[in-house]
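Take a look at the following structure, please.
All figures in this text were calculated on a predicted structure; none of them were measured in a lab.
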Amino acid sequence: MIINEIQLTNIGAYKETNSFNLRPENGKNVILIGGENGAGKTTLLNAIKLGLFGSYGYGFKTDNAEYFKKVQSILNHNAKRNNENNFRIRLDFSLVDNFEKTDYILYRHWRFSNDALKETFDLSANGIHLSEYEKEIFQSKLKEIMPPQLLDLCLFDGEEIARIISKDLLSEYLQNLSKVVFNLDLFETLETDLESYSNQSVDVRKMEESEQVLYDSNLREKELRKKIILAISELKELNLKRDELSDEYQQLKDAFEKYGGLVKSERDQIVKEMNNIENVRKQNFEKIKGFVANLLPFYLTKGLLSDVRQQIQDEESLQLFKQLDTKLTDEKINNVLHSINGSFKENAGHELKNQLLNLMKPEKEISQIHGASFSESSLIENMFLSVSSNAQQECLDIIDDNKEKLNELQQLREKLKINDTTNEFSDMIQRMEETQQAILKLEDELSQRESQLEEWKTELDGITSAIDKIQGTLKDSEKTKSSFIESQKIITLSRRFREIQLKKKLQQVQIEASVMLKRILRKHNYISSIVIDHQTYNVLLLDSQKDYVEKSTLSAGEKEILLISIIWAIFKCSGRKVPFIFDTLLGRLDKTHKAAVLTEFIPNCGRQAIILSTDTEIDENNYKILEDHVAKEYMLEFDVARKETQILNQYFPFRQTGVNL
């Protein structure tokens, strides 16, 4: 769409008939309109929208009393007082539809009749006046090609951009912009209408089970997607809040260290000593615990342990005696004696055996009680040796040491308490602790929210698979011919299409916006690429090393450049040919960024760029930068005495001061 000319008759401060030729020409796309505040720039913008859309531009479906009340407020007061009764907006514009260009001239008239305001609307296309029916067809077409929401988005209002940046509304703004520019709002409207139809025309109680499941699944999918988008947004806010608390804690910590170094050093030393004592006491406690669990029962039964040990030793001697008695027969002893040179008595072998057995035989008669194995007897022996050692005294010494350590710990705690309650940094310490607790609480909430989000995403995947499965089941059924099933299929298909299309378009937008941002931004290597989440529209910035760059590190002017780069990229990737209107866009930019916007952005933003500016925003230096791209220029001058705006066919008077432009 190109706005060729606008003519205002008794509209706002424009008394009688005033015309603006807005046609780009000779490859120059800029229409420069200067004026001080209150000169009539805003009236011009409102007149374009009112002329094109009438009551629809204000959100009304038809003309009504509220609409005419708004119209009366913008009609010229002097003309109304003089009963001139001639108020008109004439718009000359061009549209390309199906690769065919059509030139339109639109007239919107207002006249008072019996103190009531009446509106008439005329339209011609390529010089031929259209009938009432043709005008209705055109208005429907216009709402598709250039709806009022889209015209609003083509307006780069410096004040609105500043509000978006200051209130961190970038994600919300991009979401609305993408829906309109990429026509995705039409699909959302279709889905809503189909859901409404399904609710009204289908008796859920009479549905078959598969239809009921499909219906419920589609509703649940919609609900889950809303929950997921909201949860991601809330997680973003919680993360920002946590980062703010972390920054606050770090500032408190830095201030504490800067102004309370000695106090902090002393306190840290006390805490360190307390930790060391606690560790020693813990080790001592473990030793005492081990002594009580392992040795104390045997100390209490030390006599019994000694008797058991002696009994086991006697049983071992008795066992050895019995084994020798069995093994050393008279015959074997005699054989041993005969193998030795010498002579022996006849019963020498028997006597030798008795003597050897006497050496092994226990001193007193005993009964076999334990029959302990070698390992068991070793355990008893080791336990006896442990009990016989000085372990009990070591344990008593450890207990005494723990008592001393406890006294030291109590003294240090008291010292720390006095230190924290009497020094000048006690409030700071308390705030640090409170901030830390708040951070921990937030991290816990973040963990729970992230867990819930993952659950919803998993459920959404399951719902999506279930919908596909049910539709596959119903594909060959006669039910697929029913309006309900078809509507549910269309809803599912529309949602899938929107998601895929949005993801694809935003990928293109990321590339185009990154290129434009690097061309305009003074810090050329600071931001390498832009990433836009297709679900949350959250904008992430990456440097050349692919590390994240926090948007909070950007100045207000740099954030404005980021926003206009993304908006421009969205329009470029949409393929829409629209006029761009800039109202006080450069007010918050520094000299370097102003020059970059005028050099790189404005000349490349489209076939038509209408700039509304004050002389401080585009001064003579900025005019020199922009001059080669200016097709038409005007200056609005408000006559206070006559209370009307005059249009001059030149920009501000500094051009007459002899500046060599």
Exercise for the section: Please examine the side chains of E454 and E450, heavy atoms only from C-beta on, and report whether any two atoms are closer than 4.5 Å. Expected result: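 They are not in contact (no side-chain heavy atoms under 4.5 Å apart), so the answer is no.
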
Exercise for the section: Count the heavy atoms belonging to other residues, nucleotides or ligands that lie under 6.0 Å from CZ of F298, then report whether that count exceeds 12. Expected result: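 Open: at most 12 neighbouring heavy atoms sit under 6.0 Å from CZ of F298.
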
Exercise for the section: Output the distance between atom CG (L446) and atom NZ (K441), rounded to the nearest 0.5 Å. Expected result: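 One finds 13.0 Å between CG of L446 and NZ of K441.
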
Exercise for the section: Find the distance between CD1 (I463) and CG (N218) and round it off to the nearest 0.5 Å. Expected result: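 So the gap between those two atoms works out to 9.0 Å.
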
Exercise for the section: Search all heavy atoms of S171 against all heavy atoms of T536 and return the closest pair with its distance. Expected result: CB-O, 3.7 Å

Exercise for the section: Classify the side-chain pair R242/N239 by whether it contains a donor and acceptor separated by less than 3.5 Å. Expected result: yes

Exercise for the section: Using only heavy-atom distances, determine whether the side chains of Q448 and D444 contain a donor-acceptor pair under 3.5 Å. Expected result: yes

Problem - Verdict with supporting geometry, E248 and R431, salt bridge (charged side-chain N to carboxylate O under 4.0 Å, His left out) - result: CA-CA 10 Å; E248 180 182 348; R431 287 167 58 197; 5.0 Å; no

Exercise for the section: Give a yes or no on whether a salt bridge exists between E221 and K226, defined as a side-chain N under 4.0 angstrom from a carboxylate O. Expected result: no

Problem - Heavy-atom side-chain proximity of E172 to Y537 below 4.5 angstrom - result: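 In short, these two side chains do not touch, never coming nearer than 4.5 Å.
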
Practice task
State, with a plain yes or no, whether a side-chain heavy atom of V549 is found less than 4.5 Å away from one of L542.
Solution key: no

Handout entry: Ion pair check, E394 and K287, cut-off under 4.0 Å
Key = no

Practice task
Indicate yes or no: at least one non-hydrogen side-chain atom of I369 is less than 4.5 angstrom from one of V308.
Solution key: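 No - every pair of side-chain heavy atoms lies 4.5 Å or more apart.
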
Practice task
Look at the side chain of S447 and the backbone N and O of E443, then say whether any donor-acceptor pair between them is shorter than 3.5 Å.
Solution key: no

Practice task
Search all heavy atoms of L453 against all heavy atoms of I232 and return the closest pair with its distance.
Solution key: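 Heavy-atom minimum between the residues: CD2-CG1, 3.9 Å.
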
Practice task
List the steps, then state whether side chain to side chain contact (heavy atoms under 4.5 Å, CB included) holds for M516 with I561.
Solution key: CA-CA 9 Å; M516 179 56 72; I561 288 174; over 6 Å; no

Practice task
Keeping the roles fixed (side chain from S233, backbone from I229), state whether a donor-acceptor pair exists under 3.5 Å.
Solution key: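 Not a single qualifying donor-acceptor pair exists.
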
Problem - Any donor-acceptor pair under 3.5 Å from E459 side chain to L224 backbone - result: no

Exercise for the section: Could you check E278 against R413 for salt bridge (charged side-chain N to carboxylate O under 4.0 Å, His left out), going step by step and ending with a plain yes or no? Expected result: CA-CA 12 Å; E278 287 285 6; R413 283 175 177 167; 2.9 Å; yes

Completion exercise
Nearest heavy-atom contact between I312 and S377 is CG2-CB, 3.8 Å

Exercise for the section: Any chance you could lay out the side chain to side chain contact (heavy atoms under 4.5 Å, CB included) test for I566 and I570, step after step, and finish with the verdict? Expected result: CA-CA 6 Å; I566 296 175; I570 288 175; 4.1 Å; yes

Problem - Working for side chain to side chain contact (heavy atoms under 4.5 Å, CB included), residues Y548 and L540 - result: CA-CA 7 Å; Y548 288 110; L540 302 176; 3.6 Å; yes

Practice task
List the steps and the verdict of side chain to side chain contact (heavy atoms under 4.5 Å, CB included) for I527 and L554.
Solution key: CA-CA 10 Å; I527 297 174; L554 301 179; 4.1 Å; yes

Problem - Other residues, nucleotides, ligands: >12 heavy atoms within 6.0 Å of Q410 CD - result: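 Check passes, neighbour count above 12.
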
Problem - Salt-bridge criterion met for E223 and K227 (N-O under 4.0 Å) - result: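 Result for this pair is yes, salt bridge flagged.
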
Exercise for the section: Tell me yes or no: between the side chains of D533 and N538, is some donor less than 3.5 Å from an acceptor? Expected result: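 Per modelled atom types, D533 and N538 side chains form no pair under 3.5 Å.
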
Practice task
Any chance you could measure Q311, atom CD, to D307, atom CG, to the nearest 0.5 Å?
Solution key: 9.0 Å

Exercise for the section: Would you check if there is a donor-acceptor pair between the side chains of Q411 and N407 at a distance under 3.5 Å? Expected result: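 No, no side-chain donor-acceptor contact under 3.5 Å.
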
Problem - Exercise: identify the closest heavy-atom pair between S514 and I530 - result: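 Closest pair (atom of S514, atom of I530, distance): OG-N, 2.8 Å.
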
Problem - R225 and E499 ion-paired at < 4.0 Å - result: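 Salt bridge between R225 and E499, a charged N being under 4.0 Å from a carboxylate O: yes.
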
Handout entry: Short side-chain to backbone donor-acceptor contact, S317 and Q313, under 3.5 Å
Key = yes

Exercise for the section: Answer yes or no: is there an ion pair linking R449 with E445, defined by an N-O contact shorter than 4.0 Å? Expected result: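 Between E445 and R449 there is a salt bridge, with a charged N closer than 4.0 Å to a carboxylate O.
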
Exercise for the section: Using modelled atom types only, decide if a donor and an acceptor are shared between the side chain of S555 and the backbone of E558 within a distance under 3.5 Å. Expected result: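 Flag set: sc S555 to bb E558 pair under 3.5 Å.
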
Practice task
Can you see which heavy atom on K546 is nearest to which on S529, and at what distance?
Solution key: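 Smallest interatomic distance, heavy atoms only, reads NZ-OG, 3.9 Å.
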
Practice task
Look up atom CD in E434 and atom OH in Y249, then write down how far apart they are to the nearest 0.5 Å.
Solution key: 13.0 Å

Exercise for the section: Report the distance from atom CZ of F384 to atom CD of Q310, rounding to the nearest 0.5 Å. Expected result: 9.5 Å

Practice task
Salt-bridge test for K405 and D401: reply yes if a basic N is under 4.0 Å from a carboxylate O, no otherwise.
Solution key: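 Yes, this pair counts.
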
Problem - Check: V531 and V539 side chains under 4.5 Å, non-hydrogen atoms - result: no

Handout entry: Heavy-atom closest pair, residues L506 and I532
Key = CD1-CG2, 4.1 Å

Exercise for the section: Go through the steps to decide whether D397 and Q393 satisfy the test side chain to side chain donor-acceptor pair (under 3.5 Å), and finish with yes or no. Expected result: CA-CA 6 Å; D397 292 341; Q393 187 58 46; 3.1 Å; yes

Practice task
Starting at CG of N284, measure out to CG of N402 and round the result to the nearest 0.5 Å.
Solution key: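 So the gap between those two atoms works out to 4.5 Å.
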
